[in-house]
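Read through the structure below, which is laid out as structure tokens, and then see the notes.
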There are 2 protein chains.
Amino acid sequence: MKKIKTITLEWNGNELILIDQRMLPTKKEYMICKTYEDVYVAIKDMIVRGAPAIGATAAFGYYLGLRELSDSLISEKSEDVSKRIFEKLASSRPTAVNLFWALKRMEKVFLENINDDDILVILENEAYNIAEDDIKINKSIGKFGQEILSDGDTVLTHCNAGALATVDYGTALGVIRGAIDSGKTIKVFADETRPYLQGARLTAWELMESGIDVTLITDNMAGWVMKQGKINAVVVGADRIAANGDTANKIGTYSVAVLAQKHGVPFYIAAPLSTIDIEMPDGEGIPIEERNIREITHIGDKQIAPDNVKCFNPAFDVTPWNLITGIITEKGILRPPYRETIKKLFDK
Amino acid sequence: MKKIKTITLEWNGNELILIDQRMLPTKKEYMICKTYEDVYVAIKDMIVRGAPAIGATAAFGYYLGLRELSDSLISEKSEDVSKRIFEKLASSRPTAVNLFWALKRMEKVFLENINDDDILVILENEAYNIAEDDIKINKSIGKFGQEILSDGDTVLTHCNAGALATVDYGTALGVIRGAIDSGKTIKVFADETRPYLQGARLTAWELMESGIDVTLITDNMAGWVMKQGKINAVVVGADRIAANGDTANKIGTYSVAVLAQKHGVPFYIAAPLSTIDIEMPDGEGIPIEERNIREITHIGDKQIAPDNVKCFNPAFDVTPWNLITGIITEKGILRPPYRETIKKLFDK
């Protein structure tokens, strides 16, 4: 029986245990998922977030669903059972590309082994492999990425591209962990990342849990901190990277990139190759979700803006490729011109 | 009897009524100041904030103190009474330059007219004049400043340099009001201005009260909004302007200035001449107050960051003169090189 336990999730061979990221950083609470409906709720209600973390969670959810329904619904065709589980889980966060990718990978293995008596063992292994693969990818990102950092450097990061967004280790924070694991002393400044405060709530918490020196600032302090020479490099994650290197990431990333350029601070994206959308020629075409304005007007239940105020709440922005010093992937660091370096990688 | 009534304060000839800015934008509550101790509390507890608003409030406080104590303490020398009131009020916010300036102006009038039977009338008039002068200055800033805006423009502002920071009309928001008063249609984007949220709580509220079209964004959206071509000009206030034009203002102003330069958006400071510190050669020497980190880790009583997290919380930053398109004052718009244009103005 294969087991896995990280800061984000635990698979104990029987059930999936998720840290409730909504409760961080003030409470450490866990949700135990025994059924695929539990997993559906966990993804939908943002108990778990971050593309790779959602993917692995959904994979275990798919396994839990098959295990559950293969006992109780012997009258139903197993392909239909699979389809029902797939669709339910896929509907938990319809815009998450990684969610579909993980479910499709599970479904493929299911269909290939549909008549195997060990189908449940095979599916559990596959979910386990999806989670383990993510950790391997992140550690590889960390290993390649650590080269950009020197002993004593201070890194600015934005949002949470950490262990909590992945199965473990993280992408942007994986680069920092990689440098520390290779013996360097690294300090971090974390933007709080309004409106959803992933930096304050998750990145600061995760780094403190790992004993990494972190200083929390509000987003609007990043420029001033750079001007004072406190920052040696910026490393952030990515939601989607176009074929020319234009990168969609959490709102505010673009401002940080402009500020980094102004101060001669190198600006890196750290992301797995699966984040690169080779079909998307450039950032112009990347749709930018606008989220509920309550994220701006309220913090928890606390109202901080006037009743009925008009807000603009884009969830992401796009940083053009020419502001990006390098894109750190599990296969190495891509350098501009990205249209060529990305193409070369995908043509292999 | 002279009366004054604005969004920020009311002098009804007998008592000073202040809107409680801590309660905005969700509650409109007022504090009635009948004594100079009331005024001390109002300034100390930030019921009123903004340098010019504090100055006028303190002036009325000084009058209230003299009125109060001239009846009850005939045994005490009146110079001592004045000194006691001055010192009490001056201690309410020791770093507020305008507070001292207003109290000194009141004290001077008191000492010049110490034997006049109408001393209380004279002092009330002086407090009234301090308040009225501020409104006149702001309207003059608005009149000169409106020239930088065209019909249909959208202005980005940061923090609150509005009516609520002054006796009325505002400085940065005075420029917007000036343009609207001259018949132009102007829209505003307001940065929420973490950590103290003056943009969300005060600027958005004040503009909505005045029927001005305002859209609230988080600070880290400013760059993205500029990139989309939504912003025609940035106008912000100032806490202190050095002799070369370097300007200290609310944290985040510097980042906005860098972003404006990157996008070819003109960046203006709007401030009265009293904000210019001709003795300060450049921004290097301006001390930057660091405030309590609870402003970052909590919003009201709500904790949003881990226990014991390290924070950096500078209250201000300094925008170098070469990022500033113009400094809008009550005497006209100063243009670079500011060391020369400011000197010329002060040599007159």
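The structure displayed is predicted, hence computed values, not measured ones. So that the names make sense, note that chain A is the first sequence line, chain B the second, and so on, each numbered from 1.
Of the two parts of A:Tyr254, only the side chain, counted from C-beta on, holds a non-hydrogen atom closer than 4.5 Å to a non-hydrogen atom of chain B. Contacts between B:Thr26 and chain A at a heavy-atom distance below 4.5 Å involve the side chain alone, from C-beta outward. When heavy atoms are compared at a cutoff of 4.5 Å, B:Asp219 approaches chain A solely by way of its side chain, counted from C-beta outward. At a 4.5 Å heavy-atom cutoff, A:Val256 makes no contact with chain B through either its backbone or its side chain.
At a heavy-atom separation below 4.5 angstrom, chain A is approached by B:Ala200, B:Arg201, B:Ala204, B:Trp205 within residues 198-205 of chain B. Within residues 290-309 of chain A, the residues approaching chain B closer than 4.5 Å by heavy atoms are, in numerical order, A:Ile296, A:Ile299, A:Gly300, A:Lys302, A:Gln303, A:Ile304, A:Ala305, A:Pro306, A:Asp307, A:Asn308, A:Val309. Along residues 231-245 of chain B, no residue comes nearer than 4.5 angstrom to chain A, judged on non-hydrogen atoms. Within residues 258-271 of chain B, the residues approaching chain A closer than 4.5 Å by heavy atoms are, in numerical order, B:Val258, B:Leu259, B:Gln261, B:Lys262, B:His263.
Considering only heavy-atom pairs separated by less than 4.5 Å from chain A, the leading option among B:Gly223, B:Pro25, B:Ala190, B:Gly252 is B:Pro25. Contact count against chain A (heavy-atom pairs under 4.5 Å) is highest for B:Met221 among B:Lys250, B:Met221, B:Glu192. When each of B:Ile288, B:Asp213, B:Thr319 is scored by its heavy-atom pairs under 4.5 Å with chain A, the top score falls to B:Asp213. Per-residue counts of heavy-atom pairs under 4.5 Å with chain A were compared for B:Met208, B:His158, B:Met226; the largest is that of B:Met208.
Across every non-hydrogen atom of A:Thr193 and A:Cys159, the tightest pair is OG1-N, 2.8 Å. When all heavy atoms of A:Ala53 and A:Val48 are compared, the pair lying nearest together is CB-CG2, 3.8 Å.
Of the residues A:Leu207, A:Ile186, A:Val155, the one that meets the side chain to side chain contact (heavy atoms under 4.5 Å, CB included) test with A:Ile212 is A:Leu207.
The backbone N or O of B:Leu164 lies less than 3.5 Å from a partner atom in the side chain of B:Gln21, making a donor-acceptor pair. Checked by atom type and distance alone, the side chain of A:Asp20 pairs as donor or acceptor with a backbone atom of A:Arg22 at under 3.5 Å. No donor-acceptor distance shorter than 3.5 angstrom exists from the side chain of A:Thr218 to the backbone of B:Pro195, with no hydrogens or angles considered.
Stacking of B:Lys230 on the aromatic ring of A:Phe312 is recorded, both the 6.0 Å distance cut-off and the 45° axial limit being met.
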- Item | Trace of the side-chain contact (heavy atoms from CB on, under 4.5 Å) decision for A:Ile251 with A:Phe316 | CA-CA 4 Å; A:Ile251 187 70; A:Phe316 307 103; 5.9 Å; no
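To the nearest 0.5 Å, atom CG of residue A:Asp317 and atom CD of residue B:Gln228 are 9.0 Å apart.
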